[in-house]
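A short worksheet on the structure shown next.
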Number of protein chains: 2
Amino acid sequence: MSDTFAIGELGRATDTKVETVRYYERIGLLAAPPRTSGNYRAYDRGHLNRLSFIRRSRDLGFSLDQVRALLDLADQRDRPCEAVDEIARGHLAEVERKIADLEALRDELRGMVRQCGHGSVRDCRIIEALSPGDALAAAPG
Amino acid sequence: MSDTFAIGELGRATDTKVETVRYYERIGLLAAPPRTSGNYRAYDRGHLNRLSFIRRSRDLGFSLDQVRALLDLADQRDRPCEAVDEIARGHLAEVERKIADLEALRDELRGMVRQCGHGSVRDCRIIEALSPGDALAAAPG
DNA sequence: TATGGACCCTGTAGCAACTACAGGGTCAAG
DNA sequence: CTTGACCCTGTAGTTGCTACAGGGTCCATA
């Protein structure tokens, strides 16, 4: 029933390592809380909300800079939320690009793995696929 | 028609920054070439092949450690290529996992963006989606 | 009252995989 | 003989943490 809590408790409540909480404070993402007489950080519910927001955003893949911007925007409750939308859309576009890249990658890897004849490295299609085309001739053999 | 070339040329030929080439040398991925009288690195076709292999592997998302392993294996030409196959398969599984993660992420982001009513931040669904459920009550406002 | 263990503090260094200087040396062209 | 493009070494920065080392605090238990 305490209304403040120490860093370990905060970490457990938000699934965040203690070092990470201190790191967020150091880079100015999470406000420094008041200290107890023993110099322990004393967090309150506001900090908990803030950190939850940060962690959820991070889980969704927003960068720390994006999280910072989102936090700033979340505080300007009367402003139009276009900027928020833009950050989210930008991130979505980024994620979609990454997926496309990874899918191309996956297809190439699948091709490589499929062609592997389990012979010797000499005839390995994977090594071959990774080697430069006309340069093989110059390789020591 | 020179049979050796300087680091800049090597970089251009493999789409690699000069600093990156030196970095690969420093971490022992690319053999240190002989030097000219003026202490310039003098690369030959073997280095070019090696670096091409490295870059192609990196483009395909292999980690430097994986690349190192692939290079070692590629040199053991008489060994069976199972180890190569295993690295490729492991990497493929990793890529597939990443794609699945990103697709889940994308769906969540799409949902958020779709619901944005372009009103004020106060009513922003995106911010809401990022905020902890029961914690909103405690937010100032 | 002492002591043990769980927790907290600061500060620094490490991870991947580069990238970007600073402060110099080399080399070919004009 | 100077300009400018290139090269050299060494170090520090990037992102987002994570892992110590070397201490201090707090609370329960003997």
Side-chain angles (χ1 to χ4, degrees), chain A residues 2 4-30 32-44 47 50-51 53-71 90-91 94-95 98 101 105, chain B residues 1-2 4-30 32-44 47 51 53-71 90-91 94-95 98 101 105:
Chain A
S2 65
T4 73
F5 29 87
I7 196 165
E9 242 174 307
L10 182 69
R12 273 188 298 279
T14 55
D15 198 30
T16 311
K17 294 229 162 77
V18 163
E19 289 95 338
T20 305
V21 177
R22 287 196 284 246
Y23 169 72
Y24 287 160
E25 178 181 321
R26 207 164 58 243
I27 63 169
L29 205 59
L30 188 65
R35 301 292 182 110
T36 66
S37 58
N39 200 30
Y40 284 20
R41 286 171 180 81
Y43 294 98
D44 63 15
H47 292 102
R50 207 76 169 169
L51 183 53
F53 186 103
I54 294 169
R55 296 301 285 179
R56 172 122 180 87
S57 303
R58 293 288 300 128
D59 281 350
L60 285 173
F62 288 97
S63 72
L64 287 181
D65 263 7
Q66 288 174 322
V67 175
R68 209 186 297 270
L70 287 170
L71 280 169
H91 181 46
E94 213 176 290
V95 168
K98 268 184 201 161
D101 284 356
L105 201 62
Chain B
M1 289 298 157
S2 66
T4 74
F5 29 87
I7 196 167
E9 243 174 306
L10 182 70
R12 272 188 300 278
T14 56
D15 199 29
T16 311
K17 293 227 165 78
V18 163
E19 288 95 337
T20 304
V21 177
R22 286 196 284 245
Y23 169 72
Y24 288 159
E25 178 182 320
R26 208 164 56 242
I27 64 170
L29 206 59
L30 189 63
R35 300 294 180 108
T36 67
S37 58
N39 201 30
Y40 283 21
R41 287 171 179 83
Y43 294 99
D44 63 16
H47 292 102
L51 184 52
F53 186 103
I54 295 169
R55 294 303 282 178
R56 172 121 180 86
S57 303
R58 294 287 302 126
D59 281 352
L60 285 173
F62 288 97
S63 72
L64 287 183
D65 264 5
Q66 288 174 322
V67 175
R68 209 185 296 271
L70 286 170
L71 279 170
H91 184 45
E94 207 179 295
V95 167
K98 268 187 200 159
D101 285 356
L105 204 64

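Lettering of chains follows the sequences in order, A, B, ..., and the numbering in each one begins at 1.
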* Can you check whether A:L51 reaches A:Y43 side chain to side chain, under 4.5 Å on heavy atoms? -> no
* Tell me: OH of B:Y23 to P of D:dG13, nearest whole Å? -> 18 Å
* Quick one: list whatever passes side-chain hydrogen bond (donor to acceptor under 3.5 Å, both in side chains) with A:R56, sequence neighbours left out. => B:E108
* **Contact summary for B:V18 and B:G8, nearest pair of heavy atoms** => CG2-CA, 3.9 Å
* To do: Starting at CD of A:E94, measure out to CG of B:L105 and round the result to the nearest 0.5 Å.
  => 10.5 Å
Could you list all N or O pairs between the protein and nucleotides 5-7 of chain C that sit under 3.5 Å apart?
from: C:dC7; atom 1: O2; to: A:Y40; atom 2: OH; distance (Å): 3.4

* Asked: Who pairs with A:R50 by salt bridge (charged side-chain N to carboxylate O under 4.0 Å, His left out), at least two apart in sequence or on another chain?
  -> A:D75
* Got a sec, which residues hit side-chain hydrogen bond (donor to acceptor under 3.5 Å, both in side chains) with B:R22, two or more places apart in sequence or on another chain? -> none
* Nearest non-hydrogen partners of A:P33 and A:A42, listed with the distance -> CB-O, 3.4 Å
Write down the protein N/O and nucleotide N/O pairs, taken from nucleotides 19-22 of chain D, whose separation is under 3.5 Å; answer none if there are no such pairs.
none

* Take the protein atom CZ of A:R35 and the nucleotide atom P of D:dC26, then report the distance between them rounded to whole Å. => 13 Å
* Output all residues satisfying side-chain hydrogen bond (donor to acceptor under 3.5 Å, both in side chains) with B:T20, sequence neighbours left out; order by chain, then residue number. => none
* Structure fact -> Whole-Å distance, A:E94 CD to D:dT15 P, equals 13 Å
* Structure fact -> Taking every heavy atom of A:V21 against every heavy atom of A:L30, the minimum-distance pair comes out as CG1-CD2, 4.0 Å
* Sub-4.0 Å heavy-atom contacts from residues 56-69 of chain B onto DNA chain C, ordered by number -> B:R58, B:S63, B:L64
* State whether A:Y24 places a side-chain N or O below 4.0 Å from either non-bridging phosphate oxygen (OP1 or OP2) of D:dC17. => yes
* To do: Classify the side-chain pair B:T16/B:R55 by whether it contains a donor and acceptor separated by less than 3.5 Å.
  => yes
* Test side-chain hydrogen bond (donor to acceptor under 3.5 Å, both in side chains) applied to B:R26 - qualifying residues, sequence neighbours left out -> none
* **Bend angle of the helix from C:dT1-D:dA30 to C:dG30-D:dC1, end axes from five pairs each (to 10°)** => 30°
* Atom CD1 of A:I27 and atom C1' of D:dG13: how far apart are they, to the nearest Å? -> 15 Å
* Kindly indicate whether the side chain of B:H47, heavy atoms from C-beta on, has any atom under 4.5 Å from the side chain of B:R41. => no
* Is there a side-chain polar atom (N or O) of B:R41 under 4.0 Å from OP1 or OP2 of D:dC7? -> no
Please output the side-chain donor-acceptor pairs of residues 57-70 of chain A that fall under 3.5 Å, not counting sequence neighbours, one pair per line with the distance.
from: A:S57; atom 1: OG; to: A:F53; atom 2: O; distance (Å): 2.8
from: A:R58; atom 1: NH1; to: A:F62; atom 2: O; distance (Å): 2.5
from: A:S63; atom 1: OG; to: A:D65; atom 2: N; distance (Å): 3.4
from: A:S63; atom 1: OG; to: A:Q66; atom 2: N; distance (Å): 3.1
from: A:Q66; atom 1: OE1; to: A:S63; atom 2: N; distance (Å): 2.9
from: A:R68; atom 1: NH1; to: A:I27; atom 2: O; distance (Å): 2.9

* Taking CD1 from B:I54 and P from C:dA17, how many angstroms apart are they, rounded to a whole number? -> 13 Å
* Structure fact -> A:S37 has its side chain closest, among C:dC18, D:dC17, D:dC26, to D:dC26
* To do: Name the residue closer to the 5' end of DNA chain D, choosing between A:T36 and A:T20 according to the nucleotide with the nearest heavy atom.
  => A:T20
* Round to the nearest Å and state the distance from A:R55 atom CZ to D:dG16 atom P. => 12 Å
